[in-house]
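Worksheet: one structure, shown below.
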Amino acid sequence: LEWKMDSVTTLIFRPQYRTAVNDRGSSGFQQGWGNDVLLNERKSSGTTHSSSYNMTMMLQLSRKLSRMGRNIALKVDYGTNASSTGRTNLSTTHYFKNNTKNVKNQRIEDKVDGYNYRLQLVYVEPLPWLHFLQFRYSYQHRINNSDRFVYNWDKKAEEFAPDYDEDASNCFENQYSNHLFNLAVRTSRKKYNYNIGADFEPQKSVSRSLLEKATPAEEPLRKSVFNISPTVNFRYKFSKRTRLQIVYRGKSRQPNIRDLQPITDRTNPLNIRVGNPSLKPSYTNTFTLNFNSYNAKHQRNMVASVLAENTINSVTNQVTYDSETGVRTTSPVNMNGNWRAMGSFSLNTPFKNRNWIFRTYSYLQYRNQNGYTTLNKEEPVKTSVQHLTGRERLRITYRTRQMELTGLVGLTYNNSYNDVREKRTETFDYQAGTQLQLYLPWGMELYNDLTYSLRTGYGYEGYAKENFMWNCQLSKAFLK
C-alpha cells in the first residue's frame, strides 16, 4: 500500500503472511561397519506433524526536504513467527562388539517462536559537485524461544510418560540486538554512480535456560561483537544497454539457535549431536563484479560475473568416531580459512538467420573448505579440502511459429583434494540431448525431450553411470 500524503511525503505499508502444514511418516534401516566388521545395526520408524507461520510488516515514511536532494526516511519493520513439530521416534539399535541393545521409543515436541523489530533512519545531505552524504542508523532486536520436550515410553503404563525427560529436554531464550551505523558518500552522473562508505556494527546476544532444573547459579551466556566493514557499490554505463557493476560488502551471521544450546541430542543413538554455546557469529566478505550487455539490433545478450568470498569464524562440524560402537558424535565449532572464487559467462545470440539461436553458459569455481575429519577412527584432526568445479552448457535452437527444436550438450567437471587423507577425487558428468516443442491447433502444445547422461569417476556401474531419459507432455491452455 502506498499513500502520497503530499508532493514531498510518501507513506508505504507492506504486510506479508505465510503458513505451512506438513504430515509424514518414515522408516529406516542402518548399519555401521569398521574394517569389514559389522559394528551396529539400527531399525527405526516414526511419524511427524509440523506447522508454522511467519508474519512481517513494513512501514516507511519518507519526505523530501529540499530540491537539492536533502531527504529523510524512517522505516519500521516488525515480524513474528512460530513453528511446532510433534514426532514419534521408535528405534532399536544393536551394538555387536559388546552385544548390547538400545531401545529408544520417544515422543518429541519441538517449538520455536519469536519476534523481531528494526528501526531505521536514513538522512541524505547534498554536497558540492553533485555528491551526497548519507547517514543511516538502524537498531534491530530479536527474541527467539526454542523448546524441546522429550517423553519416554512407559512400559508399565504402555504409553508415553506424562513428564518430560530432563536430561534430553531443553528450553532456551535467545536475545540478539545490534546497532548499525553507516556513513557513505554517493554520487550519480550520466555515465556512472557510486556509493562508498563504512558500516560500524556492535552486536550483543544473551542466551539463557528457562527449564525448572536450571539453577540460579547458571548465568546467562552473554556475547558481544563489534564489526567494521567498508561498503563499495560502483556502476558504470558504457551505453544504454551495457553496464558494469562492482560491489563489496561484509555481512555477519548469528549461529543457528540449536547449535548454541549446550545439550546432547541422542534422538539417533548412532549420530549424537552436542551443542556449543561458545560459537561466535560468522562474518563474510564478498566482492562481486557483474558485466551485462544487450544489443537490441542483433538481439544479443551477454553476461559475465566474478565473485570472491571469504568467511571468518565459519561454523563447521567436528566429528568424533567411536570404533567400538560405530557411534559418531558431532559438535559445531568455529574455523577460519574458508574462501571461494568463481566466474561465469553466458551468451545468447541468434545467427544471421534469426530462426537459429545459439546459447552458451560457462562456470568455474575454486573453493577451499577447512574442517575436521576422522582418520583411522582416531580423534578428529584439522583438514583442508580444495574443490574445483567447471561447467559448460551449449544449446542450439531452431524456432518457427509452429515448433521449437533444441540440441544441447553439457559437461560438469569436479576435482577435490583432501590434504589429510591425501586423496584426490575426479569426476566427469556428460550430457547430450534434444528438445522438441510443437504448437498445435486449439491452443495445444506437445513437448518432448530425450537426454543421455554419462557419469565417470564415481566408482559405480549400471544405470547410475549411464542412462537415457525421455519425457513427454501434452498440454492445453484455458482462459486465455
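- In this model, no donor atom of one side chain and acceptor atom of the other lie less than 3.5 Å apart for Y366 and T389.
- With hydrogens and angles left out, the side-chain atoms of N370 and S384 include a donor and acceptor closer than 3.5 Å.
- Under the 3.5 Å distance criterion, the side-chain polar atoms of N40 are matched with a main-chain donor or acceptor of G32.
- Environment of NZ in K251: sparse, with no more than 12 heavy atoms of neighbouring residues, nucleotides or ligands closer than 6.0 Å.
- S331 and Q318 are not linked by any side-chain donor-acceptor pair at a separation below 3.5 angstrom, with hydrogens and angles left out of the test.
- For the residue pair P202 and F200, the shortest heavy atom distance occurs at CD-O, 3.6 Å.
- No hydrogens or angles considered: nothing links the side chains of E445 and Y447 as a donor-acceptor pair under 3.5 Å.
- With T9 contributing its side chain and M5 its backbone, the two residues share no donor-acceptor pair below 3.5 Å.
- Under the 3.5 Å distance criterion, with hydrogens and angles disregarded, no donor-acceptor pair is assigned to the side chains of N301 and N348.
- Rounded to the nearest 0.5 Å, atoms CE (M335) and CG (N317) are 11.0 Å apart.
- In summary, the side chains of E201 and N227 do not present any donor paired with an acceptor at a separation below 3.5 Å, with no hydrogens or angles considered.
- Using a 4.0 Å cut-off between charged side-chain N and carboxylate O, D265 and R148 make a salt bridge.
- Between E158 and K156 there is no salt bridge, since no side-chain N of the basic residue sits under 4.0 Å from a carboxylate O of the acidic one.
- Ion pairing between D147 and K111 fails under the 4.0 Å rule for side-chain N and carboxylate O.
- In the model, N471 has a side-chain atom that pairs as donor or acceptor with a side-chain atom of D449 under 3.5 Å.
- In this model, no donor atom of one side chain and acceptor atom of the other lie less than 3.5 Å apart for T85 and S50.
- Taking CG from N368 and OH from Y417, the interatomic distance works out to 12.5 Å, rounded to the nearest 0.5 Å.
- Between atom CG of residue D113 and atom OG of residue S83 there is a gap of 8.0 Å, rounded to the nearest 0.5 Å.
- The aromatic rings of W153 and F160 lie perpendicular to each other, with more than 60° between the two planes, well past the 30° mark.
- Although no hydrogens or angles enter the test, the distance criterion places no donor-acceptor pair under 3.5 Å between the side chain of T231 and the main chain of D199.
- Between S146 atom OG and F172 atom CZ the span is 8.5 Å, to the nearest 0.5 Å.
- A pairwise comparison of heavy atoms in N195 and A184 identifies OD1-CB, 3.2 Å as the closest pair.
- For the residue pair N285 / Y248, a side-chain donor-acceptor distance below 3.5 Å is found, with atom types taken as modelled.
- S453 contributes no side-chain N or O that, together with a main-chain N or O of E466, makes up a donor-acceptor pair within less than 3.5 Å.
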Worksheet item: Does the ring pair (Phe, Tyr, Trp, His ring centres under 6.0 Å) test come out yes or no for F468 and Y452, once each step is laid out?
Response: CA-CA 5 Å; F468 283 94; Y452 168 74; 4.9 Å; yes
Practice prompt. Could you walk me through whether F428 and Y413 pass ring pair (Phe, Tyr, Trp, His ring centres under 6.0 Å), step by step?
Written response: CA-CA 5 Å; F428 294 85; Y413 172 75; 4.9 Å; yes
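- Inspection of the T88 and T47 side chains reveals an N or O donor paired with an N or O acceptor under 3.5 Å.
- One distance of note links OG of S362 with CD of E392; it measures 3.5 Å at 0.5 Å rounding.
- The backbone N or O of G46 sits nowhere less than 3.5 Å from a side-chain atom of N89 that would complete a donor-acceptor pair.
- Stacking of R107 on the aromatic ring of Y151 is recorded, both the 6.0 Å distance cut-off and the 45° axial limit being met.
- Considering every non-hydrogen atom in both K223 and S278, the closest pair reads NZ-C, 2.9 Å.
- Defined by atom type and a distance below 3.5 Å, a donor-acceptor pair is missing between the side-chain atoms of Q175 and R142.
- Note on D6 versus R63: salt bridge recorded, some NZ/NE/NH1/NH2 to OD/OE distance being below 4.0 Å.
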Item to complete: I would like to know whether K423 and T425 meet side-chain contact (heavy atoms from CB on, under 4.5 Å); could you show each step before the answer?
Response: CA-CA 7 Å; K423 180 180 179 181; T425 304; 4.2 Å; yes
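- R395 and Q435 form a side-chain donor-acceptor contact under 3.5 Å, judged by distance and modelled atom types alone.
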Discussion item. side-chain contact (heavy atoms from CB on, under 4.5 Å) for N233 and R235? Distances and angles first, verdict last.
Written reply: CA-CA 7 Å; N233 191 330; R235 296 181 182 180; 4.0 Å; yes
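- Within the 3.5 Å criterion, the main-chain N or O of F135 finds no donor-acceptor partner in the side chain of N182.
- Using modelled atom types, one finds a donor on one side chain and an acceptor on the other under 3.5 Å when comparing N418 with T383.
- Judged by distance alone, the side chain of T330 and the main-chain N or O of R273 form no donor-acceptor pair under 3.5 Å.
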Discussion item. Is there a side chain to side chain donor-acceptor pair (under 3.5 Å) between N338 and S314? Walk through the geometry before answering.
Written reply: CA-CA 7 Å; N338 291 340; S314 61; 2.6 Å; yes
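- For T93 against P269, the heavy-atom pair with the smallest separation is OG1-CG, 3.8 Å.
- Of the possible donor and acceptor atoms, none in the side chain of K101 sits under 3.5 Å from a partner among the backbone N and O of Y95.
- Of the possible polar contacts, one joining the N336 side chain to the N313 backbone as a donor-acceptor pair under 3.5 Å is found.
- In this structure, a donor-acceptor pair under 3.5 Å is absent between the side chains of S51 and H49.
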Discussion item. Under the criterion side chain to side chain donor-acceptor pair (under 3.5 Å), I'd like the reasoning laid out for S282 against T311: C-alpha separation, chi angles, the key distance, then a yes or no.
Written reply: CA-CA 7 Å; S282 60; T311 303; over 6 Å; no
Discussion item. Show, in sequence, the C-alpha distance, side-chain angles and deciding distance for Y137 and F181, and conclude whether the ring pair (Phe, Tyr, Trp, His ring centres under 6.0 Å) test is met.
Written reply: CA-CA 5 Å; Y137 167 75; F181 301 88; 5.0 Å; yes
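- A donor-acceptor pair shorter than 3.5 Å cannot be found between the side chains of E404 and Q437.
- Nearest heavy-atom pair across G250 and Y283 is CA-OH, 3.4 Å.
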Item to complete: Apply side-chain contact (heavy atoms from CB on, under 4.5 Å) to I143 and N116, showing your working.
Response: CA-CA 6 Å; I143 293 182; N116 65 87; over 6 Å; no
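- Nearest heavy-atom pair, T267 versus Q106, reported as atom, atom and distance to 0.1 Å: CA-OE1, 4.3 Å.
- Between the side chains of R359 and T397, at least one donor N or O lies within less than 3.5 Å of an accepting N or O.
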Item to complete: Dump the intermediate steps for side-chain contact (heavy atoms from CB on, under 4.5 Å) on N102 and R42, then the final yes or no.
Response: CA-CA 9 Å; N102 182 357; R42 179 175 182 261; over 6 Å; no
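- Side-chain N/O atoms of Y458 and N414 include no donor and acceptor closer than 3.5 Å.
- Checked by atom type, the side-chain pair T284/E309 shows no donor-acceptor distance below 3.5 Å.
- Note that CG of L74 and OG of S62 are 10.0 Å apart. Values are rounded to the nearest 0.5 Å.
- With R136 as the fixed residue, the side chain to side chain contact (heavy atoms under 4.5 Å, CB included) test singles out one of L121, L180, V124: L180.
- In this structure, K75 contributes its side chain and R118 its backbone to no donor-acceptor pair below 3.5 Å.
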